[in-house]
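First the structure, in the form of structure tokens, and then the observations on it.
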2 protein chains.
Amino acid sequence: MPGPGRPREFDRDAALRTAMRLFWERGYEAVSIADLTAAMGIGTRSLYTAFGSKERLFREAIDLYNGTGTADGFYAAPTACQAVERMLRARAAAYAEPDTPPGCMVVLAATNISAANDPVRTLVTDIRARDRADLVARLSEAHARGEFTTAPEAVADFYLSVLYGMSVRARDNASTTQLVAVVDAAMAAWDAVTRR
Amino acid sequence: MPGPGRPREFDRDAALRTAMRLFWERGYEAVSIADLTAAMGIGTRSLYTAFGSKERLFREAIDLYNGTGTADGFYAAPTACQAVERMLRARAAAYAEPDTPPGCMVVLAATNISAANDPVRTLVTDIRARDRADLVARLSEAHARGEFTTAPEAVADFYLSVLYGMSVRARDNASTTQLVAVVDAAMAAWDAVTRR
DNA sequence: CTGATTAAGCAACGTTCGATGCACAATTAG
DNA sequence: CTAATTGTGCATCGAACGTTGCTTAATCAG
């Protein structure tokens with residue numbers, strides 16, 4: 001159901017996927033509008049007509065990235081231990097997936113930001129804060145149910161550190177096997193970490 | 001012993017420390033020459049006379065960062081377990097030190113780099129690769145001595161992931177207490193991780 | 001003193017940055 | 001058909017980017 005006006009001559013969703021991949025690979029400021037238009041195969045004016053600004057395009061790209069995450073079966077798992085394990089294994093597989101850039105876009109795409117673009121940094125740090133809150137909530141529930149004794153925040157921060165670190169390892173060309181080995185180690189540690 | 005020529009009117013070491021701090025805080029491309037000269041209190045020409053180029057200045061800043069790391073007592077520790085623990089505790093304290101930018105410069109300062117500055121990315125990834133090799137070597141020695149059974153590379157990658165992840169957590173304003181709790185968890189996991 | 005050498009200040013270089021004004025094309029609604 | 005609306009191409013905007021030439025200033029060796 002197209003409204004009035006000249007119809008767009010390119011696939012907006014495909015262009016957004018291209019932008020997501022570029023931002024994911026190199027980061028917000030390291031990707032120029034010229035890089036984007038070249039990869040999308042469109043003109044500068046079309047990009048601005050369709051997406052408004054570089055920042056709005058990045059926000060859409062981050063939303064797309066967060067939406068395509070399959071939730072990893074995190075909420076379906078019966079125990080917190082299994083929830084964490086499913087999440088970590090899904091991410092380990094995703095981070096070394098050869099068809100996508102290595103590591104997590106939310107961790108890697110807005111690390112080096114000049115003061116002028118601080119809202120972009122805030123965007124991703126807010127997402128990480130929300131994700132941490134979700135993990136803490138899930139662990140707190142399990143803690144209240146008596147699944148483990150360690151403070152839920154401490155458990156969350158430990159597994160978050162492992163998770164974030166895997167993004168850096170992926171950027172350093174860690175293989176799927178190596179990332180899975182990290183998850184194996186982290187899960188072997190579950191009892192020692194959660195019962196203290 | 002100054003040679004011939006007009007003497008420099010600023011403290012080169014202090015200026016380099018200022019540059020290190022800026023690059024550490026925001027990253028290579030997010031810091032401009034104008035940012036640097038303003039923070040250093042010198043003119044553009046003086047910066048180029050003293051340091052050559054932005055990239056050479058960054059390399060010196062990274063060298064300074066690596067040099068000021070006190071080696072953490074890593075090599076002095078009698079066992080691999082203690083070596084890893086000392087390293088992690090020293091880094092946890094350093095990452096949340098209020099007088100310096102949060103997290104590790106080698107992990108954070110060259111994440112988002114455009115294609116033109118790829119040598120800068122290579123610089124920091126090479127340092128991480130060398131550090132990983134050192135850790136693997138230390139763990140391999142302990143493994144050969146029978147301190148533990150798990151493959152040294154797997155142990156190294158697990159603790160490296162925790163270490164790298166702490167940099168991201170530090171950037172997200174994790175407190176010293178929270179980072180120390182991550183180290184506590186990681187070290188409580190030693191036996192479970194190393195004997196499998 | 002002279003000559004050599006190095007630093008600092010000023011002004012500007014060419015390039016790239018993100019973003020836009022404008023004319024024109026292509027569609028829908030009536 | 002006309003009017004309204006939206007997308008595209010072209011040219012370009014002002015600002016910021018890293019870097020440099022040139023002049024002048026300040027030191028050393030002789």
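Please read all numbers here as calculations on a predicted model, not as lab measurements.
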What do the steps show when you test B:Glu60 against B:Arg12 for salt bridge (charged side-chain N to carboxylate O under 4.0 Å, His left out), and what is the final call?
-> CA-CA 11 Å; B:Glu60 280 203 53; B:Arg12 192 184 191 278; 2.8 Å; yes
Describe the nucleic acid contact of A:Ser46 in one word from base, sugar-phosphate, nothing, applying a heavy-atom distance below 4.0 Å.
-> sugar-phosphate
How far does CD of B:Glu9 sit from CD1 of B:Ile42, to the nearest 0.5 angstrom?
-> 11.0 Å
A:Tyr28 OH to C:dC17 P: how many Å, rounded?
-> 13 Å
Mind calculating the distance between CD1 (A:Ile42) and C1' (D:dC10) to the nearest angstrom?
-> 16 Å
Which residues satisfy the side-chain contact (heavy atoms from CB on, under 4.5 Å) test with B:Ala109, sequence neighbours excluded?
-> B:Phe58, B:Met105
State plainly whether the residues A:Asp172 and B:Arg132 are in salt-bridge range, i.e. N to O under 4.0 Å.
-> no
From CG of A:Leu47 across to P of C:dG18 the rounded distance in Å is 10 Å
Does A:Thr49 put a side-chain nitrogen or oxygen below 4.0 Å from OP1 or OP2 of D:dG7?
-> no
Do the side chain of A:Arg12 and the base of D:dG7 come within less than 3.5 angstrom through a donor-acceptor pair of N or O atoms?
-> no
Rounded to whole Å, CG of A:Asp35 lies from P of C:dC17 at a distance of 7 Å
Closest to side chain of B:Arg6, choosing from D:dC22, D:dG18, C:dA7 = C:dA7
What about A:Val136 and A:Val106, same hydrophobic cluster or not, with Ile/Leu/Val/Met/Phe/Trp/Tyr joined at side-chain heavy-atom distances under 4.5 Å?
-> no
Starting from the 5' end of DNA chain D, give me the residue, B:Thr44 or A:Phe10, whose nearest nucleotide shows up first.
-> A:Phe10
Of C:dG18, C:dC22, D:dT5, the nucleotide closest to the side chain of A:Ser32 is C:dG18
Taking the six-membered ring of A:Phe10, is the NZ or CZ of A:Arg8 close enough (under 6.0 Å from the centre) and on axis enough (within 45°)?
-> yes
To the nearest angstrom, the CZ-P distance between B:Phe51 and C:dA8 comes to 10 Å
Choosing from D:dG9, C:dA19, C:dA8, which nucleotide comes nearest the side chain of A:Arg45?
-> D:dG9
For atom CD of A:Glu29 and atom P of C:dA19, their distance in whole Å | 12 Å
With distance as the sole criterion, is a donor-acceptor pair present between the side chains of A:Thr79 and A:Gln82 under 3.5 Å?
-> yes
Atom-pair distance (CD1 on A:Ile33; P on D:dC13), nearest Å | 19 Å
Identify whether any heavy atom of B:Arg8 sits under 4.0 Å from a base atom; if not, whether one sits that close to sugar-phosphate; answer base, sugar-phosphate or nothing.
-> sugar-phosphate
Specify the separation, in whole Å, of atom CD of A:Glu9 and atom P of C:dA25.
-> 13 Å
Bend of the helix from C:dC1-D:dG30 to C:dG30-D:dC1 from end-axis comparison, five pairs per end, nearest 10°, comes to 10°
Identify, between B:Val31 and B:Gly5, the residue whose nearest nucleotide on DNA chain D lies closer to the 5' end.
-> B:Val31
